[in-house]
2 protein chains.
Amino acid sequence: MTKALQILREHGVQPTPQRLAVLEFIQKSQTHPSADDVYSSVRRTCPTVSRATVYNTLNLLAEKGVIKTQLLRERGLVFDAHVHRHHHFIDEETGQIHDVPWEAVQIHAGDGLSKFEIREIQVVMRGKRRP
Amino acid sequence: MTKALQILREHGVQPTPQRLAVLEFIQKSQTHPSADDVYSSVRRTCPTVSRATVYNTLNLLAEKGVIKTQLLRERGLVFDAHVHRHHHFIDEETGQIHDVPWEAVQIHAGDGLSKFEIREIQVVMRGKRRP
DNA sequence: GTTCGTGCAAACGGTTTGCAACAAT
DNA sequence: ATTGTTGCAAACCGTTTGCACGAAC
């Protein structure tokens, strides 16, 4: 795993214990945590941290491109340490969100899209994970 | 446009003025309205309608498959009269959401996805609409 | 000493829920 | 009479904001 401290510095974000804890949790979590997931986890190692700080940090990190927000749950954003392009699969039964590598899906945008300048493209798949 | 009254009956939803107004607005709106957009509009023709009724109706219609909820805006769901499969393009400057016909994008899910049983697949594109 | 980060609490916006009145069957 | 629908208000949940304290340069 890339060092959180180093990443913060590289992005011009002053490292603080809170920010390190937030980033480290998102980096190590395979799920796509909500702000509250982050809050709960960070609270364990840093029991005085406030929700405001967690939200501030998440917004700051997203702004700086350290993490990415995703619109994949009905209630609220989730956060993703993978900032490179990739897709998502959502298990409709468990609600779990899985990353899908970019190369696993081939997309070809055909005609009828000439009126759009596509800057970002993402595939969202839903279904159930095979046993 | 398909008759709202008929659609409600076909889906076993008892037609009421409120429900008709909600469905008709969603059907005729080319944008993807939020619950509040629906509320504001329906209020004009039916000034006593309550937010609760609008939300109840939207949830009911979505449950019955008359409309579809989409997770495309940071704050809250949007509603779509198009229940057949299609994609979306979001203009990052205006926030406008455009429907993209299913055939306009070709998707090929390759290997590495065998562990997922894909029941639904949707492409979300972002960028800016060409002038 | 000024700037930046934190923590608290209050506010906010979208959505849901409990409930009483009121149709509709 | 029973069931389903409405409207109101309050609650709820995720998120943002205002502000005062404290730390860092």
Side-chain angles (χ1 to χ4, degrees), chain A residues 4-5 8-9 11-23 25-26 31-64 66-80 95 97, chain B residues 4-5 8-9 11-23 25-26 31-64 66-80 95 97:
Chain A
L5 179 64
L8 289 185
R9 288 201 176 122
H11 286 81
V13 176
Q14 190 158 332
T16 67
Q18 294 89 334
R19 287 169 177 175
L20 282 168
V22 166
L23 180 53
F25 174 67
I26 295 179
T31 81
H32 294 63
S34 68
D36 208 64
D37 295 335
V38 177
Y39 174 68
S40 307
S41 166
V42 170
R43 268 249 140 181
R44 272 179 238 127
T45 64
C46 186
T48 72
V49 79
S50 68
R51 273 197 173 76
T53 296
V54 170
Y55 278 100
N56 287 340
T57 301
L58 290 170
N59 289 337
L60 178 66
L61 295 182
E63 225 169 77
K64 299 286 187 177
V66 179
I67 61 176
K68 192 158 174 12
T69 64
Q70 297 281 358
L71 228 65
L72 297 169
R73 287 226 288 244
E74 297 233 343
R75 233 189 181 84
L77 300 171
V78 299
F79 299 89
D80 201 330
I97 300 167
Chain B
L5 179 64
L8 289 185
R9 288 201 175 120
H11 287 81
V13 177
Q14 190 159 331
T16 68
Q18 292 89 335
R19 286 170 180 174
L20 281 168
V22 167
L23 179 52
F25 174 68
I26 295 180
T31 81
H32 294 63
S34 68
D36 209 63
D37 295 334
V38 177
Y39 174 68
S40 307
S41 167
V42 170
R43 268 248 138 185
R44 272 180 238 126
T45 64
C46 184
T48 71
V49 79
S50 68
R51 273 198 173 75
T53 295
V54 170
Y55 277 100
N56 287 340
T57 301
L58 291 169
N59 288 337
L60 179 65
L61 295 182
E63 227 169 73
K64 299 285 188 179
V66 178
I67 61 176
K68 193 156 174 14
T69 64
Q70 296 280 0
L71 229 65
L72 297 170
R73 286 228 287 246
E74 298 234 343
R75 229 181 186 91
L77 300 172
V78 298
F79 298 89
D80 201 331
I97 301 166

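Bear in mind the structure is a predicted one, so any value in this text is a computation, not a measurement. Chain letters run A, B, ... following the sequence lines, proteins first, then strands; residues in each count from 1.
In terms of position on DNA chain D, the residue among B:Cys46 and A:Ser34 whose nearest nucleotide sits closer to the 5' end is B:Cys46.
The two residues A:Ala35 and A:Val54 come nearest to each other via the heavy atoms O-CG1, 3.9 Å.
Remark: B:Thr48 is in phosphate contact with D:dG7, judged by side-chain N or O atoms under 4.0 Å from OP1 or OP2. Considering only side-chain N and O atoms, A:Tyr55 lies nowhere under 4.0 angstrom from the phosphate OP1 or OP2 of D:dT16. Using a 4.0 Å cut-off, some side-chain N or O of A:Thr53 falls inside it from OP1 or OP2 of C:dG7. Phosphate contact (OP1/OP2 of D:dG14, side-chain N/O of A:Arg73, threshold under 4.0 Å): absent. For the OP1/OP2 pair of C:dG7 and a distance below 4.0 Å, the side-chain nitrogens and oxygens of A:Arg51 include no atom meeting the criterion. An OP1 or OP2 oxygen of D:dT16 is reached within less than 4.0 angstrom by a side-chain nitrogen or oxygen of A:Asn59. Close to C:dT6, at under 4.0 Å from its OP1 or OP2, lies a side-chain N or O of A:Gln18. At the phosphate of C:dC12, neither OP1 nor OP2 sits under 4.0 Å from any side-chain N or O atom of B:Arg75.
Across the protein-nucleic acid pair, B:Tyr39 atom OH and C:dG13 atom C1' stand 14 Å apart, rounded to whole Å. Straight-line distance from the CD atom of A:Glu74 to the P atom of C:dG13: 22 Å, rounded to whole Å. Here C:dA23 presents its P atom at 18 Å from CG of B:Asn56, a figure rounded to the nearest Å. Rounded to an integer number of Å, the gap from CD of B:Gln70 to P of C:dG14 is 19 Å. Rounded to whole angstrom, the span from the CG atom of A:Leu60 across to the C1' atom of D:dT15 amounts to 16 Å. Between the P atom of C:dA24 and the CG atom of B:Leu8 lies a distance of 16 Å, rounded to the nearest Å. The separation between B:Leu58 atom CG and C:dT17 atom P is 15 Å, rounded to whole Å. Atoms CG (B:Asp36) and P (C:dC12) sit 16 Å apart, rounded to a whole Å.
Within the 3.5 Å criterion, the main-chain N or O of B:Pro15 finds no donor-acceptor partner in the side chain of B:Arg9. With hydrogens and angles ignored, the 3.5 Å screen pairs a side-chain donor or acceptor of B:His32 with a backbone N or O of B:Ile97.
When distances run from any side-chain atom of A:Arg19 to the nucleotides C:dA9, C:dT6, D:dG7, the shortest one goes to C:dT6. Comparing D:dT15, C:dG7, C:dT15 against the side chain of A:Leu77 picks out D:dT15 as the nearest. Closest approach to the B:Gln14 side chain among C:dC8, D:dG4, C:dG5 is made by D:dG4 (side chain taken as heavy atoms from C-beta onward). When each of D:dT15, D:dG7, D:dT5 is scored by its nearest atom to the side-chain atoms of B:Thr16, the top-ranked nucleotide is D:dT5.
Neither side chain, B:Thr53 nor B:Asn56, offers a donor N or O lying under 3.5 Å from an acceptor on the other.
Between B:Asp36 and B:Arg73 no salt bridge is recorded (no basic side-chain N to carboxylate O distance below 4.0 Å).
A distance of 5.0 Å separates CD1 in A:Ile67 from CG in A:Leu58, rounded to the nearest 0.5 Å.
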